[in-house]
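The structure under discussion appears below in the form of structure tokens.
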Amino acid sequence: MFLTFDDGPDPEHTPPILDLLKAHGATATFFLIGDRIDRHPEVVQRIVDEGHELGNHSWGHPFMSDLPIERQMEEIARADASLSTYDGRATHPFRPPYGVLPRNLLTRFARTGRTIAFWSYDSQDYERLPAPVLIRQVQADPPRSGDVVLMHDDNAGTIELLAGLLPEWRAQGYSVRAMPAGRA
Ligand SMILES: [Zn+2]
């Protein structure tokens, strides 16, 4: 399965998540918010150094539907430029904040051959439920091998959730990887 984290980098919560991934031989894609990249450069550098992939989650995490198309493209280009200083890639897979994708942005992406990096499995870690409850929810309806799993590296609950799930997934023989680097 493919593991993804949104809304980082977070100086408190991203490092323990990186520790867990390393301990279990897993990699992930981190969809970072641009204005947090500049505030926590050491966290971003560590993500790259440890073999994970960077994704674009806009500059300021707006509702894209509130912005004219050129402002939307600026949000994405500015985050891409910042990410590029870490991994050398000109563009990155883009995941729209709140999953809101206006038609004009979708059209622009289609015209330029860029892809939208949605998820197929929602861990619901943003609901701030106790970790045992979240873990049981995932166990009751688990992701399958091709799923793109959505998590958030901005809260302590996700760390507990991941600490519970990674050993299980490993025991079940799943490989946990970053999204394949395709067209961005
Ligand atoms: Zn987000």
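All values below come from the heavy atoms of this structure, side chains included, with hydrogens, waters and symmetry mates left out. Just so you know, ligand 1 is whichever comes first in the structure, and atom 1 is the first atom listed for that ligand.
- Within the structure, the side chain to side chain donor-acceptor pair (under 3.5 Å) test picks out the following pairs touching residues 165-174 (sequence neighbours left out): Q139-E168.
- In this view, E53 and R89 satisfy the side chain to side chain donor-acceptor pair (under 3.5 Å) rule, not counting sequence neighbours.
- Under the 6.0 Å cut-off for aromatic ring centres, H57 and F94 do not qualify, their centroids lying 6.0 Å or more apart.
- For residue D6, no N/O/S atom approaches the Zn ion (ligand 1) to within less than 2.8 Å.
- Closest N/O/S atom of H57 to the Zn ion (ligand 1): NE2.
- Within the 2.8 Å limit, H61 places at least one N, O or S atom next to the Zn ion (ligand 1).
- For N155 and H13, the side-chain atoms include no donor-acceptor pair closer than 3.5 Å.
- Nearest N, O or S atom of D7 to the Zn ion (ligand 1): atom OD1.
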